[in-house]
Amino acid sequence: MVQLYNLHPFGSQQVVPCKLEPERFCGGRDALFVAAGCKVEAFAVAGQELCQPRCAFSTLGRVLRLAYSEAGDYLVAIEEKNKATFLRAYVNWRSKRTENSRVCIRMIGHNVEGAFSKAFRDQMYIIEMPLSEVPLCISCCPVKGDLLVGCTNKLVLFSLKYQIINEEFSLLDFERSLIIHIDNITPVEISFCVGYVAVMSDLEVLILKLEPGPKNGERVHHNPRKTNNRMRRTEEGISNEISQLESDDFVICQKPLELLGEKSEQSGLSVTLESTGLADEKRKYSHFQHLLYRRFAPDISSYVLSDDIKLHSLQLLPIYQTGSLTSDGKNLSQEKELLSLFCFFSLPHVGYLYMVVKSVELMSVYQYPEKSQQAVLTPQFLHVITSNNLQCFTVRCSAAAAREEDPYMDTTLKACPPVSMDVCALRIQLFIGLKAICHFKNHIILLTKADPEAIPERRQSPKRLLSRKDTSVKIQIPPVAEAGWNLYIVNTISPVQLYKEMIDYSNTYKTVKTQSCIHLLSEAHLLVRAALMDASQLEPGEKAELLEAFKESCGHLGDCYSRLDSQHSHLTLPYYKMSGLSMAEVLARMDWTVEDGLQKYERGLIFYINHSLYENLDEELSEELAAKVVQMFYVAEPKQVPHILCSPSMKNINPLTAMSYLRKLDTSGFSSILVTLTKAAVALKMGDLDMHRNEMKSHSEMKLVCGFILEPRLLIQQRKGQIVPTELALHLKETQPGLLVASVLGLQKNNKIGIEEADSFFKVLCAKDEDTTPQLLVDFWEAQLVACLPDVVLQELFFKLTSQYIWRLSKRQPPDTTPLRTSEDLINACSHYGLIYPWVHILISSDSLADKNYTEDLSKLQSLICGPSFDIASIIPFLEPLSEDTIAGLSVHVLCRTRLKEYEQCIDILLERCPEAVIPYANHELKEENRTLWWKKLLPELCRRIKCGGEKYQLYLSSLKETLSIVAVELELKDFMNVLPEDGTAAFFLPYLLYCSRKKSLT
């Protein structure tokens, strides 16, 4: 049963001053067209000229069907004269000043010469569109302006185009581009929208999607599939059987059927496409996709009239992207981008609304309280007429379109009432003798006629209505006009005005926690949302008013869900977010009264407050509100109290109040490491350092780290997008820096903080700018290496550390605090820090370094270079600040060149700068394939330098002796003699020669 609200969606109404009883009427943009006899009148429906005649023009015959296209601004009609039917389009009708003004008539596709262009520009012209079969129904695409014509077993598509006469003028024209053959169905109504085709017979509905040609020049032949042929033959067989059985007074009725998507190909209807007049490469549509087939069966439990079992009011309703406005605020049809498409059709007592774009889905079923005659669908409402009532139902189009448009819908950020929500009737308005209805913009056009007596209707045996072959359409000519008719324009009230009435109506449910209040508020919300989506209908300044109403409706829905303790209570959060209300404003809307000495807080409100406090909002609650929030969570979710107290929004809470609730948790058995850390943080705010120390000593450092991981906001908070260390973090920096570094490392390891955020935290904590790196941050980087975190990019971390070590060494800048780890600690704890080569120690020992921190930075840098993971080539460009003039710089440069296997260059440097390190260097580096450098590089170089003498003569001499000892062991006597200098003293080399000659006998 559809719920009825006695609201007032209909506003003022005017009578259209027609001279004759209307036979057909339609409207669009700013005009209403009324056809009566062989004449069409146009009436203004905008501004102060409402219902004033604009123009009139004669038709060829009586108008059977009439349609207006906003794209192209033309009127199209099916007309009958002398039992012949014609299809004509009336273009440039706004230039028709008087009824006797001249009119140009031309055939479709006829080229107009330049000499006649002025006539077409300044006067109305009619385009004749001849057809081989009788046109039965018409539909204009609201986006492109293309025209679809329904004939028996076929649909003909006329594409709208423009003939360019000159630079200043183009002529509207049509081109027959496609014929859609549909066997065994005769269209009663059709609807067309950007390639989507809906066809309706008396009891069947078919929806197709026309698609452009395949890629890569593939040709598609649209022959009926074998399955369709088989079904067609089956259908013909059934028809023959029906004819035979009908003669025996049997009634054959096909079963109701609903087929969605690809399954609708099994409908038994044969559909083929025939392209006409266009080259293959220019085909607009070359194949199709089945979307929906639905067949209804009449109730044959009693003999009824034919009109009681027929479908009516087929309509495709597009909803466009809300951003498709032009710069001047006008929504041009050529620029509209389709977002969602909906299809409506109705039986006399039931209406069906489908969504047909990305998926085909039945959205809503409308049960009418009495027999309907016609219905029109709008983005906001479904208007249905019965013999004496105008009914207004709600629709779910905006709810479906919102989910198509916004990927964040149905998350914690945004929400929208569900598509499956029950529809309701907003109003049933009494209108005597309703006959027809149409709608455009905020106008509903109604034709009423109070018949003095019922016109007898032709009765047929129901069995003649059940055969598909007998459903041919004969457009009946209305009887001669009788007295008692009126044509009304009923204006719907503005969405904001109706929204306010719905909000006032919802207040009757406010004291009761039922779904009725949420249902009506959801209807109000969808009404405003639909109006915002239909931006082309908005007046200047109305959008701002609608946006304000939208936010207000979100606030009302948030209030409702906050009072619920159900599975939908989580919707409190997104609705309050969309409302733009601050947390303080939401809390001010709450009812804090206590009933029976107990205060109960529903799950929806708790969910909203909890998430809001977790999201690092920049809002700070007052001391009073903060105390209420703590009380709320202590009653509803006591385990969340420590988390709540750590929120930046709770900054203003009285520390004594916070401590009292934390102590209550201790006594209630909720004591935990998190409670301990929160008490320690509150004690700091109170200035009680003794209590703080006692709380911190009550657990091991490992447990304290776990506590910080559970609640990172004990250390790190965000305000206005900036990282802010807490008072507890500042205190730990001075008293327990190791615990602080370990805790931040634990946060990073558990994905509670990012790499860049952690770096920024330590810089802000130590009050350093972006270009300065505090020692605590270096300690953190070293801890990252030791921990071997999987998400850390090693080379980036190496770069950070080496850059900092090099900068300090080059500037002789000591760290601002004592490092937490020495180089020895890092070598023992981390595989990335390697053992420093022995020759490096000898090299360094030749220089006296007074600063211990300088030595530590140098050792750490040397250890990293000696490690197995370091990419040496990446650091070379950054070594420039570290001069080779110092022993420290020299050691780093030689280390890097050694890792790059530049041994000969390193030997030259060491012989020049530190000869005592040459032999240890050679012993460590010149091994295996590099061993030949002992006699090819080191031996000749030493001999050369000894000849030159100098103050390092003795160092070179001792090095030469050790080199000769090694070479004598490695080479054969002959080879050994070849590497000795020719001008050397024999007595000096003789011992080594003797040893080399005897080594075989010794072995």
Side-chain angles (χ1 to χ4, degrees), residues 136-137 139 148 150-155 157 178-193 195-211 222-239 242 252-273 285 287-298 309-317 341-347 350-365 377 465-473:
L136 304 176
C137 45
S139 177
L148 188 68
C151 306
T152 303
N153 292 334
K154 71 170 64 173
L155 306 176
L157 178 61
L178 185 69
I179 299 177
I180 307 171
H181 297 277
I182 308 177
D183 294 346
N184 300 322
I185 189 170
T186 300
V188 175
E189 293 184 28
I190 58 174
S191 189
F192 182 61
C193 182
Y196 290 86
V197 177
V199 189
M200 184 181 77
S201 66
D202 285 343
L203 290 173
E204 293 173 294
V205 176
L206 175 67
I207 302 178
L208 305 172
K209 181 184 179 183
L210 302 179
E211 296 179 335
H222 300 286
N223 296 320
R225 303 189 180 191
K226 293 181 179 179
T227 54
N228 284 346
N229 285 332
R230 185 167 58 250
M231 290 179 180
R232 183 177 174 181
R233 289 195 296 269
T234 304
E235 189 73 24
E236 291 173 354
I238 292 175
S239 299
I242 289 173
I252 301 299
C253 177
Q254 291 182 299
K255 294 188 296 184
L257 183 64
E258 181 187 46
L259 300 173
L260 304 178
E262 294 180 356
K263 291 183 179 179
S264 59
E265 296 181 18
Q266 305 169 12
S267 63
L269 298 178
S270 174
V271 181
T272 57
L273 302 185
Y285 305 111
H287 61 287
F288 62 90
Q289 178 183 352
H290 288 267
L291 297 181
L292 169 70
Y293 173 77
R294 182 146 190 184
R295 180 175 65 218
F296 297 89
I309 58 172
K310 288 184 178 180
L311 290 165
H312 64 77
S313 305
L314 175 69
Q315 183 179 347
L316 289 176
L317 175 71
L341 187 68
F342 305 91
C343 182
F344 175 81
F345 49 86
S346 182
L347 286 170
V350 188
Y352 300 90
L353 180 59
Y354 282 85
M355 179 171 61
V356 294
V357 177
K358 292 186 177 178
S359 62
V360 183
E361 179 182 349
L362 178 61
M363 288 174 50
S364 304
V365 177
L377 178 67
L465 303 171
L466 304 178
S467 170
R468 182 185 288 166
K469 282 211 165 187
D470 200 42
T471 57
S472 59
V473 175

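Just so you know, these numbers use all the heavy atoms, side chains as well, and skip hydrogens, waters and symmetry mates.
Contact record, Ser139 with Ile190: CB-O, 3.6 Å, taken as the closest heavy-atom pair. Nearest approach of Val356 to Leu291, heavy atoms of both residues: O-CD1, 3.8 Å. Heavy atoms only, all atoms of each residue included: Pro187 and Val199 are closest at CB-CG1, 3.8 Å. Annotation for Leu311 and Leu203: closest pair CD1-C, 3.6 Å, computed over non-hydrogen atoms. Looking at every heavy atom in both residues, Ile180 comes nearest to Val271 through CG2-CG1, 4.0 Å.
Here the CG-CG distance, from Asn184 to Asn153, works out to 6.5 Å after rounding to the nearest 0.5 Å. Atoms CE and CD, on Met200 and Gln315 in that order, are 11.5 Å from each other to the nearest 0.5 Å. Rounding to the nearest 0.5 Å places OG1 of Thr186 at 9.5 Å from CD of Glu204. With rounding to the nearest 0.5 Å, the separation of CZ in Phe192 from CG in Leu210 is 6.0 Å. Here the CG-CG distance, from Leu316 to Leu341, works out to 5.0 Å after rounding to the nearest 0.5 Å. Separation of atoms CG (Leu257) and NZ (Lys255) is listed at 8.5 Å; rounding is to 0.5 Å.
Ser264 is linked by a side chain to side chain contact (heavy atoms under 4.5 Å, CB included) to Leu259, His290, Tyr293, counting only residues two or more places apart in sequence or in another chain. Qualifying side chain to side chain contact (heavy atoms under 4.5 Å, CB included) partners for Val350, counting only residues two or more places apart in sequence or in other chains: Tyr352, Val365, Gln367.
Here the side chains of Ile309 and Phe296 are not in contact, with every heavy-atom distance at 4.5 Å or above. Looking at Leu317 and Phe344, their side chains never come closer than 4.5 Å, going by heavy atoms from C-beta outward.
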Step by step, work out the side chain to side chain contact (heavy atoms under 4.5 Å, CB included) result for Leu314 and Cys343.
CA-CA 7 Å; Leu314 175 69; Cys343 182; 3.9 Å; yes
How far apart are the C-alpha atoms of Arg294 and Tyr354, what are their side-chain angles, what is the distance that settles it, and do they pass the side chain to side chain contact (heavy atoms under 4.5 Å, CB included) test?
CA-CA 11 Å; Arg294 182 146 190 184; Tyr354 282 85; 2.7 Å; yes
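Side-chain atoms of Ser313 never come within 3.5 Å of backbone atoms of Ser346 as a donor-acceptor pair (strictly under, hydrogens ignored). Between the side chain of Ser270 and the backbone N or O of Asp183, no donor-acceptor pair lies under 3.5 Å.
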